Amino acid sequence: MLSFMFFMFFLLFISFFNSMWWFMCSSLFILSFLFMINFSYYSFWFNISYFFGCDYVSFGLILLSFWICVLMILASESINFYNYFSSLFLFMVVFLLLLLLCVFGSMSMFSFYLFFESSLIPTLFLILGWGYQPERLQAGIYLLFYTLLASLPMLISIIYFYNINGSLSYFLVDFDYYINIFYYISMILAFLVSMPMFLVHLWLPKAHVEAPVSGSMILAGVLLKLGGYGLMRFFMCLVYLGNKFNFLWISISLVGGIIISLICLRQVDLKSLIAYSSVAHMGIVIGGLMTMFYWGFFGSYILMIGHGLCSSGLFCLANISYERLGSRSLLINKGLMNFMPSMCMWWFLLCSCNMAAPPSLNLLGEISLLNSLVGWCWLSMLSLFLLSFFSAVYTLYLYSYSQHGMVYSGIYCCSLGFTREFLLLFLHWFPLNFLILKVDFFVINFY
């Protein structure tokens with residue numbers, strides 16, 4: 001792991017040289033492929049260094065982080081074109097990637113907490129520095145205080161756990177049956193806010209709407225997955241209380257997912273609609289994790305990776321339309337099939353993945369999560385039926401309202417896409433649909 005960290009550490013300095021945009025993009029592509037071929041099928045933990053290591057669960061999420069950060073640079077070419085502090089932007093992206101590698105590679109609870117909180121700082125700078133509207137200041141404060149306030153009790157509970165257990169290493173976690181309800185809530189609250197769960201989700205749409213395309217991509221693609229990854233790791237010491245109290249979070253997530261789906265149907269901002277759909281998808285992920293079933297765990301893992309690629313791609317499409325039209329409103333983004341016919345196919349492909357159509361990873365993840373939740377309680381079938389139905393409804397609403405209808409008269413008659421944009425969308429769509437051929441990797445994660 002240290003070799004990859006040193007690679008990125010030196011890239012931090014290179015980012016301040018002039019005209020290094022495409023060099024950085026190429027270097028991160030090479031780094032992601034090097035990490036991909038470095039996978040070991042023969043050991044549970046591999047690439048182990050002093051504090052860091054990689055297992056089957058963290059491997060997929062680290063690779064997703066590499067991939068999304070490369071595509072962030074590819075999507076933000078306008079920053080390079082107008083030279084809008086492009087060196088500082090590259091520094092923030094690589095610094096954030098380094099912190100994410102440390103988060104997913106941590107083998108200790110405390111180092112995980114430290115880097116989990118640190119990853120907020122470059123994200124905040126991306127929103128404040130390259131956001132669109134003056135309201136980005138308020139969105140940044142929302143993001144910071146929601147997550148920091150929820151994670152302070154987690155720090156106290158980690159210290160308390162160290163006093164009981166004598167170690168914070170994942171290897172040496174003891175299944176302790178004498179921890180209390182306050183410890184249980186404080187341990188998982190930070191992850192529920194980070195995912196985010198319904199009732200503590202208000203920071204996410206604000207942050208997405210005000211963030212630049214790169215900020216939206218990393219928020220939807222990776223930072224929402226930090227909460228799910230933390231729950232997977234920390235439930236090792238919460239088994240007993242989890243079996244007693246998890247019904248509360250499952251109920252909130254399933255009912256909240258239906259309410260959020262209805263909220264999606266009255267959005268007029270493209271990014272806001274995609275952001276709220278992320279909350280609905282993360283609701284079913286929380287439900288699957290909280291059942292503590294085998295199906296729920298690997299279904300959540302698959303859906304997190306699938307949603308990261310799909311949601312990031314939809315934000316890229318929304319930004320491509322925004323760069324042409326100067327607005328993200330659905331009232332102006334109408335008739336894009338006539339205005340940008342070459343992008344219509346990409347809207348269709350990514351919207352179909354968003355509603356879990358085959359052969360996307362989202363379908364595999366949702367089938368597994370349906371199995372786990374129905375196995376946990378058959379009454380959840382009603383809410384799951386409504387969740388799946390409304391997921392298709394708001395995705396069709398997004399596609400049909402943006403692609404069909406009368407073109408707004410104040411814009412050009414036709415606009416084609418750049419090769420860079422087609423490559424960007426292909427690199428989102430291809431792994432999203434072809435990773436389903438490698439399902440055995442996802443299934444053996446939790447043996």
Side-chain angles (χ1 to χ4, degrees), residues 75-79 82 126-127 130-140 142-143 201-217 219-220 259-281 310-352 354-355 390-418 421 424-425:
S76 306
E77 209 274 328
S78 58
I79 293 173
Y82 294 109
L126 281 175
I127 294 173
W130 290 271
Y132 296 120
Q133 310 294 338
E135 287 84 3
R136 65 182 184 267
L137 299 171
Q138 185 188 4
Y142 254 61
L143 166 70
H201 69 282
L202 290 176
W203 63 270
L204 184 75
K206 272 188 171 297
H208 271 305
V209 169
E210 304 306 330
V213 61
S214 54
S216 294
M217 286 170 70
L219 265 174
I259 296 170
I260 290 290
S261 301
L262 293 172
I263 291 173
C264 283
L265 291 173
R266 56 185 300 275
Q267 298 301 313
V268 291
D269 186 297
L270 280 174
K271 283 182 84 170
S272 184
L273 200 161
I274 301 165
Y276 273 110
S277 75
S278 296
V279 180
H281 282 110
C310 178
S311 188
S312 175
L314 284 171
F315 279 116
C316 288
L317 278 169
N319 182 67
I320 289 168
S321 301
Y322 177 72
E323 285 179 348
R324 267 70 170 185
L325 304 176
S327 172
R328 293 190 304 266
S329 171
L330 276 169
L331 300 172
I332 293 176
N333 283 269
K334 291 172 76 72
L336 293 182
M337 187 182 284
N338 295 321
F339 177 62
M340 297 183 72
S342 51
M343 285 295 164
C344 183
M345 183 187 75
W346 291 108
W347 273 104
F348 170 74
L349 289 174
L350 286 166
C351 282
S352 61
N354 196 46
M355 67 168 86
F390 283 121
S391 172
V393 170
Y394 64 69
T395 309
L396 283 170
Y397 162 69
L398 168 66
Y399 177 75
S400 58
Y401 265 63
S402 60
Q403 301 306 305
H404 299 285
M406 294 291 290
V407 182
Y408 173 58
S409 59
I411 57 175
Y412 303 113
C413 60
C414 187
S415 174
L416 299 174
F418 298 113
E421 291 168 345
L424 172 68
L425 295 168

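The model shown is predicted, which means the values in this text are computed figures rather than measured ones.
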[atom1]/[X] to [atom2]/[Y] distance, rounded to the nearest 0.5 angstrom?
X      : Y      : atom1 : atom2 : value
Leu273 : Leu314 : CG    : CG    : 9.5 Å
Leu204 : Leu143 : CG    : CG    : 9.0 Å
Ile274 : His208 : CD1   : NE2   : 9.0 Å
Asp269 : Ser327 : CG    : OG    : 7.5 Å
Trp203 : Gln138 : CH2   : CD    : 15.0 Å
Cys316 : Leu424 : SG    : CG    : 4.0 Å

Got [X] and [Y] here, is their nearest side-chain heavy-atom distance under 4.5 Å?
X      : Y      : value
Ser277 : Asn354 : yes
Leu336 : Met343 : no
Phe339 : Arg324 : yes
Leu398 : Trp347 : yes
Leu425 : Leu317 : yes
Ser214 : Trp130 : no
Met337 : His404 : yes
Tyr394 : Met355 : no

Trace of the side-chain contact (heavy atoms from CB on, under 4.5 Å) decision for Met217 with Ser76: CA-CA 11 Å; Met217 286 170 70; Ser76 306; over 6 Å; no
Ring pair (Phe, Tyr, Trp, His ring centres under 6.0 Å) partners for Tyr322, two or more places apart: Tyr132
Those residues that, when tested against Tyr401, pass ring pair (Phe, Tyr, Trp, His ring centres under 6.0 Å) (two or more places apart): Tyr397
Salt bridge (charged side-chain N to carboxylate O under 4.0 Å, His left out) partners for Glu77, two or more places apart: none
Glu323 with Arg328: basic N within carboxylate O range, under 4.0 Å: no
Any donor-acceptor N or O pair under 3.5 Å, side chains Ser216, Lys271: yes
